[in-house]
Amino acid sequence: QASTAQTLTVVAASPGIFSIGQTGAGQGAILNASGVLVNASAPAAAGDVVSVYCTGLGATATAVATGAATPASPAISTKLPVTATVGGTPATVTFAGLAPTFVGLYQVNVTIPAGLTSGAAAPVVLTANGVSSNSVTLAAK
């Protein structure tokens with residue numbers, strides 16, 4: 001059966017960071033360089049590079065077939081630049097693209113900036129194409 005017409009807005013990117021336990025908020029799905037969840041038991045320090053797992057970063061520089069796992073090598077980066085803030089401070093993004101060996105999962109590698117309060121649940125936000133993600137947190141030391 002036909003339905004009534006619906007209007008859709010299609011955008012190049014609309015990032016969303018995955019979270020643990022709460023829908024779109026709270027502890028982010030963020031791993032340290034050892035693959036451990038960044039939380040109160042394993043906080044991140046200034047200079048650490050963490051991997052933020054997300055969706056909605058748009059097209060990639062190299063196409064991957066729909067439903068296919070991203071190859072482990074070479075890295076598949078996004079076409080659009082991605083920026084990040086941690087604790088409200090701009091953070092360096094060293095990679096934004098598809099997470100190796102996963103299907104449709106994006107990974108953004110971010111260097112933790114200096115100046116975070118120890119023990120704080122610092123907010124993390126990604127931006128692509130002028131659109132900001134939801135805010136999740138990570139523990140800082």
Side-chain angles (χ1 to χ4, degrees), residues 2-141:
S3 68
T4 58
Q6 299 294 315
T7 302
L8 299 175
T9 302
V10 179
V11 296
S14 184
I17 303 172
F18 291 107
S19 60
I20 309 296
Q22 292 181 324
T23 304
Q27 171 68 54
I30 302 170
L31 303 181
N32 65 22
S34 298
V36 174
L37 182 68
V38 176
N39 59 21
S41 300
D48 288 353
V49 176
V50 298
S51 296
V52 180
Y53 291 93
C54 57
T55 188
L57 297 183
T60 55
T62 303
V64 175
T66 301
T70 302
S73 181
I76 307 293
S77 61
T78 59
K79 283 186 176 181
L80 296 170
V82 176
T83 61
T85 60
V86 179
T89 302
T92 301
V93 171
T94 57
F95 171 76
L98 294 173
T101 72
F102 288 90
V103 176
L105 178 65
Y106 289 91
Q107 171 183 329
V108 178
N109 295 344
V110 176
T111 303
I112 302 298
L116 297 180
T117 303
S118 181
V124 177
V125 176
L126 301 176
T127 302
N129 200 41
V131 179
S132 294
S133 70
N134 54 312
S135 179
V136 298
T137 59
L138 64 71
K141 65 176 176 181

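Start at 1 with the first residue, then count along the sequence. The model shown is predicted, which means the values in this text are computed figures rather than measured ones.
Listed by chain and number, the residues in a side-chain contact (heavy atoms from CB on, under 4.5 Å) with A45 are D48, K141 (sequence neighbours excluded). By the side-chain contact (heavy atoms from CB on, under 4.5 Å) test, A68 is found to be paired with V64, A65, residues two or more places apart in sequence or in another chain being considered. Scored by the side chain to side chain donor-acceptor pair (under 3.5 Å) test, T4 finds Q6 as partners (sequence neighbours excluded).
Sorted by first and then second residue, the side-chain hydrogen bond (donor to acceptor under 3.5 Å, both in side chains) pairs involving residues 109-132 (not counting sequence neighbours) are S51-N109, Q107-N109, T127-S132.
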Under 3.5 Å, which donor-acceptor pairs do the side chains of residues 29-36 form with other protein atoms, sequence neighbours left out?
from, atom 1, to, atom 2, distance (Å)
N32, OD1, S34, N, 2.9
N32, OD1, G35, N, 3.2
N32, OD1, V36, N, 3.0

Atom pairs and distances, side-chain donor-acceptor, residues 77-88, under 3.5 Å, sequence neighbours left out:
from, atom 1, to, atom 2, distance (Å)
T78, OG1, L80, O, 2.8
T78, OG1, A96, O, 3.4

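Distance check: Y53 OH to L105 CG gives 7.0 Å after rounding to the nearest 0.5 Å.
Without hydrogens or angle criteria, T137 side chain to G26 main chain gives a donor-acceptor distance under 3.5 Å. A donor-acceptor pair under 3.5 Å is absent between the side-chain atoms of Q27 and the main chain of A121, judged by distance alone. Y106 places a side-chain N or O within donor-acceptor distance of the main-chain N or O of G58, the cut-off being under 3.5 Å.
By the neighbour-count criterion of 12 heavy atoms within 6.0 Å, atom CZ of F95 is densely surrounded, having more than that number from other residues, nucleotides or ligands.
Taking 4.5 Å as the limit, some side-chain heavy atom of I17 sits within range of a side-chain heavy atom of V124. Counting heavy atoms from C-beta outward, I20 and L37 have side chains that approach closer than 4.5 Å. P123 places a side-chain heavy atom less than 4.5 Å from the side chain of S135.
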